[in-house]
Number of protein chains: 2
Amino acid sequence: MTIKDIAQRAGYAVGTVSRVLNGHPDVSDEARAKILAVVAETGFQPNDNARHLKQRESSSIAVIVKGARNLLFAGILEEVQSRVRAAGRAAAVYYLDEDDDEVEQAVRVCRELKPLGILFLGGNQNNFADRFERVTCPCVLVTTRADTMGFQNLSSVSTDDAEGAAQAIRRLIEAGHRRIGVIGGHFCAGCGRGGANTSQTRFFGCRRGFLEAGVPFDEELQFQAARFSMPGGYEAANALLERCPDLTALFAMSDVMAIGALRAIRDRGLRVPEDISLIGYDGIEQAGYCVPRLATVRQRSGRLARRSVEILLRQAAGGGGAVHEIVPFQLLPGESIRDLNE
Amino acid sequence: MTIKDIAQRAGYAVGTVSRVLNGHPDVSDEARAKILAVVAETGFQPNDNARHLKQRESSSIAVIVKGARNLLFAGILEEVQSRVRAAGRAAAVYYLDEDDDEVEQAVRVCRELKPLGILFLGGNQNNFADRFERVTCPCVLVTTRADTMGFQNLSSVSTDDAEGAAQAIRRLIEAGHRRIGVIGGHFCAGCGRGGANTSQTRFFGCRRGFLEAGVPFDEELQFQAARFSMPGGYEAANALLERCPDLTALFAMSDVMAIGALRAIRDRGLRVPEDISLIGYDGIEQAGYCVPRLATVRQRSGRLARRSVEILLRQAAGGGGAVHEIVPFQLLPGESIRDLNE
DNA sequence: CTGAAAGCGCTTACAG
DNA sequence: CTGAAAGCGCTTACAG
């Protein structure tokens, strides 16, 4: 079943069918009605390969998600999809593995889908720096900053991760904690050229939090790198508590890691927050269902989503240069921090 | 940059370039070397739209996942992808919303990707019954049975959900519980024609568990329908405990619901398992990180994945009629069931 | 408002 | 082993 069959049955040329299918105005009501009737009757769906092959620009927004299992992104995505739909556009979602190259994918999407614009949920700054020049449509990078890269067609909407991490540390210090362990992602001195992948940024924020409060932070002892996963957090917490049995609090740079840490603490026969206080990062739904509820630095996923879509649609409509927005985070108190001053 | 440019630069015709790109054997080593050199140098990637438009059959396996946030499927998918890759094929993953029509999507994928076969992670039996005749390639439905539908090209690999649910109930009864609440999905008498959507199957299993043990089960009072989500489980648990304050145990038909229930129980000032015992279903990673660890009926995602891929690849190679396999589940004890006999 | 025709970038028989 | 050409199913100027 192709557009040709539809044309034949309806008694029009394929061009006319195409115009009806794409909602062009220059078709008579009669033709439209007849053709739509045949389409409905046959259940015809046009072949997207053929369509995209020829089309100059589709009316879709592409969303490239780095990590199908990332719950923060899942939350943002849901909101993005409903906002894109509300704006009368379709969202085409592409899920990538953590270590796939999102910019490479974007180049491909530009060529094959020809979207109005691309939204990146997560991204590696090096990939952007190295290859983003090859993507030409308007883009917004969400949760990671892009202001230092200076691309005219790359905006960003993100959380101030350094400040978020700093405040997490401050919060623990205010509660009277002095020996605090930190669980974060892997990063190397060189991998955030220009100063920023997420793990590194949050790490620097931590360090600043300690420094400003005059609380010592021995990176060798008090920091443990791990994967962003529950087992990662579990093992890291174990390693830290083994190495520094006198820690009274942990900061995990993602809620998922924090959930792993929570379990590790319990398995060592300790309790949260009575023995060890714990704070996470991201503010995923899950954090509110932990026992105890997790204190966390909440990225405002709804607002990140809303602003990203607004900015992207404006840029797609020809609205000027790149914009870089910071969305304020919230410190959720949870039930996992003990106040030692009380 | 198209195949034409590559042909020109390499000094061959586009047909030859195409043959090299697709690994056909009928090309001279010299041509291959020259063309691959140009491809590498230019970073050329063929346009998949054009390729799929013309290609009779691609060498990919399509995977249609119902619910991007379904953690059971996420676990199965990971294993599926690595097994498909190990077999030298590419996996093309399509994520659908819970209430999208996976069979409609399959029809589209058949036409546009022309895969060797399709794997469905989850699916609504009614959609299959109504429209599956339109899909012609070999398919495997994973986690839901397809044996009663009688399609020659539709195999299935699933867990015996009725028995799993029955055993969850039995396990609670063995532990001395007599007043047990059940949290399940929504279903209506008609929606599982032929007897089976997942929620309904597990519900019937529950009922059998009660019946065989001679323990009364008042469906009106002791069953609460909810969405398969943490808030869904939270509210359902609250409703049940409000309605029947004398319940000593809950069975939630998914771990995600159970996590919500766990939080609800705590918020009512009760403890798991001291005051209320709890058992879930699925065996997602998450369940092992709860405090307390969740007892659950574990679907063996690794084996579901492995068998599904094996069966699909065999069918794609022309290996006979449909196969319907049941993979045994495991009852994970966790720490969330109190033994009242002790 | 409608049709005829070119063409998107590939693959694939068909010759040679 | 290689090239020339048809054609996949659409969209899009271009005429009329």
Side-chain angles (χ1 to χ4, degrees), chain A residues 1-36 38-39 42-60 90 92 107-116 136, chain B residues 1-36 38-39 42-60 90 92 107-116 136:
Chain A
M1 181 69 55
T2 73
I3 202 178
K4 220 166 147 184
D5 301 308
I6 304 299
Q8 206 158 29
R9 297 202 193 195
Y12 284 90
V14 293
T16 305
V17 176
S18 174
R19 281 172 213 124
V20 169
L21 255 22
N22 292 289
H24 291 198
D26 54 346
V27 184
S28 68
D29 291 344
E30 194 190 335
R32 190 186 313 283
K34 262 191 198 155
I35 288 169
L36 286 179
V38 176
V39 167
T42 56
F44 170 72
Q45 291 185 318
N47 184 316
D48 267 341
N49 290 323
R51 157 175 272 176
H52 291 142
L53 186 55
K54 182 63 184 172
Q55 217 166 29
R56 308 194 135 269
E57 182 171 80
S58 83
S59 69
S60 318
V107 171
R108 165 149 237 140
V109 165
C110 271
R111 193 177 49 216
E112 299 187 1
L113 177 65
K114 293 152 194 154
L116 290 175
T136 49
Chain B
M1 181 71 55
T2 74
I3 201 178
K4 221 167 146 185
D5 301 309
I6 304 298
Q8 206 159 30
R9 295 202 196 196
Y12 285 91
V14 292
T16 305
V17 175
S18 174
R19 281 171 212 124
V20 169
L21 254 22
N22 291 290
H24 291 198
D26 54 346
V27 183
S28 69
D29 290 346
E30 194 190 336
R32 189 185 315 283
K34 261 191 199 156
I35 288 169
L36 286 178
V38 176
V39 167
T42 57
F44 170 73
Q45 292 186 317
N47 185 316
D48 267 339
N49 290 323
R51 156 175 273 176
H52 292 141
L53 187 56
K54 182 65 184 170
Q55 215 166 30
R56 310 193 134 269
E57 182 171 80
S58 83
S59 69
S60 317
V107 171
R108 165 148 237 141
V109 166
C110 271
R111 194 177 48 216
E112 299 187 0
L113 176 66
K114 293 153 192 152
L116 290 175
T136 49

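All chains are named by letter (A, B, ...) in the order of the sequence lines, taking the proteins before the strands, and each is independently numbered beginning at 1.
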| query | What are the two closest non-hydrogen atoms of Leu116(A) and Ser59(A), and how far apart are they? | reply | CD1-O, 3.7 Å
| note | First and last nt of DNA chain D near chain A, cut-off under 4.0 Å to heavy atoms, 5' to 3', are dG9(D) to dA13(D)
| remark: Nearest-nucleotide check on DNA chain D, Glu30(B) vs Val17(A); residue mapping nearer the 5' end is Glu30(B)
| remark: Annotated structure of DNA chain D as dot-bracket, pair cut-off 3.5 Å, Watson-Crick or G-U only, | for inter-strand, is |||.||||||||.|||
| request: Report which part of the nucleic acid Asp48(B) touches: base, sugar-phosphate, or nothing (heavy-atom distance under 4.0 Å, all strands). | output: nothing
| task | Decide if atom CG of Asp29(B) counts as having more than 12 heavy atoms of other residues, nucleotides or ligands within a radius under 6.0 Å. | result | no
| task | Tell me which of Ala50(B) and Thr16(B) sits closer to the 5' end of DNA chain D, going by the nucleotide each one is nearest to. | result | Thr16(B)
| remark: By nearest-heavy-atom nucleotide on DNA chain C, the more 5' of Ser28(A) and Phe44(B) is Ser28(A)
| task | Identify the two heavy atoms, one from Glu30(A) and one from Tyr12(A), that lie closest to each other, and give their separation to 0.1 Å. | result | C-OH, 4.2 Å
| task | Just jot down the side chain to side chain contact (heavy atoms under 4.5 Å, CB included) partners of Lys114(A), sequence neighbours excluded, or say none. | result | none
| message | At 4.0 Å (heavy atoms only), tell me whether Arg56(B) reaches a base, stays on the sugar-phosphate, or touches nothing. | response | sugar-phosphate
| request: Taking all heavy atoms of Pro115(A) and all of Ser58(A), pick out the closest pair and write down the distance. | output: CA-OG, 3.8 Å
| What does Thr2(A) touch in the nucleic acid at a heavy-atom separation under 4.0 angstrom: a base, only the sugar-phosphate, or nothing? | sugar-phosphate
| field | Shortest non-hydrogen contact between Arg51(A) and Leu21(A), atoms and distance | value | NH2-O, 4.4 Å
| request: Taking the side chain as every heavy atom from C-beta outward, state whether Leu53(A) and Asn47(B) have any pair of such atoms under 4.5 Å apart. | output: yes
| Of all heavy-atom pairs between Ile3(A) and Val14(A), which one has the smallest distance, and what is that distance? | CD1-O, 3.8 Å
| Which part of the nucleic acid, if any, lies within reach of Asn47(A) when heavy atoms closer than 4.0 Å are counted: base, sugar-phosphate only, or nothing? | sugar-phosphate
